[in-house]
Amino acid sequence: MAGPASRRPKLAVWKFASCDGCQLTLLDCEDELPAVAGAVDIAHFTEASSADGPGPYDLSLVEGSITTPDDLRRIQHVRRVSKRLVTIGACATAGGIQALRDFADVREYASVVYARPEYVATLARSTPISAHVPVDFELRGCPIDKRQLLEVIAAFLAGRRPCVPAHSVCVECKARGNVCVLVAHGTPCLGPVTQAGCGALCPAFNRGCYGCFGPMESPNARALNARLRELGMSTPELVRIYRTFNATEEPFRQAAEQAEQSEEADG
Amino acid sequence: MDTAVADSLDPLIAELRSRGFAVVGPTVRDRAIRFAEITGAAELPAGQGDEQDPGHYRVVERDDELMFGFAASPDSAKRYTQPPRQALFRMREGTVEEAEQEAPRVALLGVRACDLAAIAVQDRVFLGRHPDPAYRKRREALFLVAVNCAVPGGTCFCVSMGTGPKATAGFDLALTELTEPHRFLVETGSERGADVLAGIPHRPASAADVAAAEEVSRVAATRMGREVDTENIQESLAAAHDSPRWAEVAGRCLACTNCTMACPTCFCTTVEDATDFTGSLAERTEVWDSCFTLAYSEVGGSPVRGSGPARYRQWLTHKFSTWYDQFGVSGCVGCGRCITWCPTGIDVTEELRCIR
């Protein structure tokens, strides 16, 4: 895409252990995609094109978590060839749903699932990109939000800080004009401890927040858990809601552990 | 003040619509009594009430046909006086373009005395020493039809704050819903209001109508769910800076911002700057913010109020104490929304009792 005279920044999109949904968010931009493609040289993006433009890259978007020995080597390469490295999505930012292996024995899983588990080279844990290399910005969500992705790219181009607030989902839920499903319906909702970004999508359809964007800036899960128990949630249910896409993010890990401990204390 | 009686609200709604107002009134949506555009009285929540307690709200069936037999809605007038997002200006190729400020003609039907008091508070904020022309434009585009509260909720305390339950000023029309037979006492509060009243069927109020309406407000005043002792509140809160209660309440506070978002007077905003991909267009937008977010008190890259206790103290102290210093009135109008809509049910009236 880039002509010889082009000074457009080079963009690369990389994949590690992930479902590709966050990368596809870039393709889902549709209306905005021509403007993006006009502003950056999309040099490496195998979901979109097998053409592989050479590095180094001005901006790398990294999807997926580190789960194999090969990932460990490859993320070092990605960091070396990238001026700015931005993780996109819960996998790259928090280890993703596959980090549930951290609470179990992955070798046992492999022995049940695969006929020849010895062919599977996998690590005991699923870790975020930031556990291995310096990361310039982390974009959360499972999947990421299209508007936030565009904002990150636009902010990168302008050399400014992206406007990606770390406050709770409740802020955007109220701005959107949703009724609070927790208060008005008694529906368990993780919105008060979850970072905004999705536009309060689930509460807009009278569902509680599932915590896809991970912990907000100052989560008080202990207080929320007490309330969720009053609404009838059991300890296994509490553990379950925190152990999804961001299970090993420290505040959510602790929230699940607190739920287990408080039951032990009660029992 | 002229008083009249009208049997139906349909002519009023039709009259307002014919004058170019979108009529926004209470109607049941998503299992809550929300304010949304309505086209007729049939959309009002006849026979529906609400149950409000700390962290708890339910729509309940009433055993009468009152159309306004409920307390504060989760929605206040704030959405119309101060929308959650508004573009301020754009810069295109280095030229500044002021954003067109939208001021839709809206008739709010069913605002309560506490809501009118909240609008009066916002008027001091936005039309005081530093008038905001966009606010003025939106404010002037609002037609306010108050409905006097007959059924206060479990979190109401307007009597303590001196703001209700009867609307005394700040409305174009004020209604009191009367029963047996079902009818509305109508008071006019402005020339616009009188003009609208003249356009709909009505008859002069009898002494019995007026007495019945007074009784509605008198009874409502005795049914407050909560109360606050406001004596020396400004001074005593300021003196409670080091109370251990701040840490205790912060243990229950989610810093989710729901109290401030639901509050009809909380006006804090931030600005978001956006740029396009070509670098030729930048836009600044004002958005609702809250003293409970860390970014709100960020100075030089870190928050001044980094701890939960500091943020809770800021909110309560501003609302009930430093607001007087700033604007000469209380920031609280006693609507109870912050209590009802707090997911963990923090009750400001209880906190005030414990802190002082």
Side-chain angles (χ1 to χ4, degrees), chain A residues 8 32 34-40 147 150-151 153-163 165-187 189 191-194 196 203-206 216-224 226-228 230-231, chain B residues 29-36 50 52-59 73-75 79 83-85 250-262 270-279 282 285 287-290 292-296 303 306-308 311 340-346:
Chain A
R8 290 178 302 165
E32 296 87 353
V36 175
V40 298
R147 291 163 306 128
L150 291 167
E151 164 61 11
I153 295 171
F156 163 77
L157 289 168
R160 62 177 170 85
R161 186 164 90 163
C163 179
H167 56 224
S168 72
V169 170
C170 302
V171 177
E172 50 189 5
C173 199
K174 287 290 164 297
R176 187 167 176 160
N178 294 338
V179 70
C180 177
V181 297
L182 195 153
V183 170
H185 306 160
T187 302
C189 178
V193 296
T194 301
F205 292 91
N206 288 325
M216 52 81 97
E217 58 191 6
S218 60
N220 186 351
R222 195 182 291 275
L224 183 64
R227 183 74 182 113
L228 294 178
E230 286 171 10
L231 294 176
Chain B
R29 289 204 182 160
D30 296 327
R31 289 185 274 162
I33 296 173
R34 308 295 310 273
F35 272 72
D50 57 18
Q52 298 198 36
D53 289 305
H56 177 90
Y57 178 99
R58 292 290 184 279
V59 172
S73 160
D75 303 310
R79 186 167 293 277
R85 289 189 78 83
R252 289 174 282 131
C253 173
L254 300 168
C256 64
T257 77
N258 278 352
C259 50
T260 55
M261 297 286 152
T270 187
V271 288
E272 291 180 359
D273 289 343
T275 48
D276 74 349
F277 297 108
T278 66
T285 309
V287 298
W288 282 0
D289 200 357
S290 165
F292 282 97
T293 73
L294 287 176
Y296 187 74
S307 75
R311 292 201 292 284
T340 299
W341 297 100
C342 173
T344 59
I346 294 173

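Chain identifiers are assigned alphabetically (A, B, ...) following the order of the sequence lines, protein sequences preceding nucleic acid strands; residue numbering begins at 1 within each chain.
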What part of Tyr296(B) gets closer than 4.5 Å to chain A, counting heavy atoms only: side chain, backbone, both or neither? neither
For residues Pro74(B) and Val179(A), report the shortest heavy-atom separation together with the two atoms involved. CG-CG2, 4.4 Å
Which of the residues Ala39(A), Ala221(A), Cys170(A) is involved in the greatest number of heavy-atom pairs with chain B at under 4.5 angstrom? Cys170(A)
How long is the gap from CH2 on Trp341(B) to CG on Leu182(A), to the nearest 0.5 Å? 10.5 Å
Cut-off 4.5 Å, heavy atoms of chain B, and the answer for Leu228(A) is neither
Rounded at 0.5 Å granularity, tell me how far CZ in Arg227(A) sits from SG in Cys342(B). 9.0 Å
Let me know if Asp273(B) has heavy atoms under 4.5 Å from chain A in its side chain, its backbone, both or neither. backbone
Interface check, chain A: of Asp50(B), Thr257(B), Asn258(B), most non-hydrogen pairs under 4.5 Å belong to Asn258(B)
Just so I understand: if I count every heavy-atom pair under 4.5 Å between each of Met261(B), Arg311(B), Arg85(B) and chain A, which residue has the most? Met261(B)
Okay, Arg222(A) and chain B: the region with an atom under 4.5 Å from a heavy atom over there is neither
dist Phe292(B):CZ -> Ser168(A):OG (nearest 0.5 Å) comes out at 11.0 Å
Side chain / backbone / both / neither for Ala282(B) at chain A, heavy atoms under 4.5 Å: neither
The interface call for Arg31(B) against chain A, heavy-atom contacts under 4.5 Å, is both
Look up atom CG in Asp289(B) and atom NE2 in His167(A), then write down how far apart they are to the nearest 0.5 Å. 7.0 Å
Give the minimum heavy-atom separation between Pro192(A) and Leu254(B), together with the two atoms involved. CB-CD1, 3.5 Å
Counting only non-hydrogen atoms closer than 4.5 Å, does Leu157(A) touch chain B with its backbone (N, CA, C, O), its side chain (CB onward), both, or neither? side chain
Using a cut-off of under 4.5 Å for heavy-atom pairs, which of His56(B), Arg58(B), Arg252(B) has the most such pairs with chain A? Arg58(B)
Side chain, backbone, both or neither: which part of Thr293(B) has a non-hydrogen atom closer than 4.5 Å to chain A? both
So, for Trp288(B) and Val171(A), which heavy atoms are closest and what is the spacing to 0.1 Å? O-CG1, 4.5 Å
Can you tell which part of Thr275(B) gets under 4.5 Å to a heavy atom of chain A, answering side chain, backbone, both or neither? both
dist Glu32(A):CD -> Asp276(B):CG (nearest 0.5 Å) comes out at 12.0 Å
Output, in order, the C-alpha distance, side-chain angles, deciding distance and verdict of side-chain contact (heavy atoms from CB on, under 4.5 Å) for Leu150(A) and Phe277(B). CA-CA 9 Å; Leu150(A) 291 167; Phe277(B) 297 108; 3.6 Å; yes
On a heavy-atom basis, the closest approach of Val183(A) and Pro343(B) is CG2-CA, 4.0 Å
Ignoring hydrogens and geometry, is there a side-chain-to-backbone donor-acceptor pair from Glu217(A) to Leu294(B) under 3.5 Å? yes
Between Ala223(A) and Gly251(B), what is the shortest heavy-atom contact and its length? CB-O, 3.5 Å
What part of Cys180(A) gets closer than 4.5 Å to chain B, counting heavy atoms only: side chain, backbone, both or neither? both
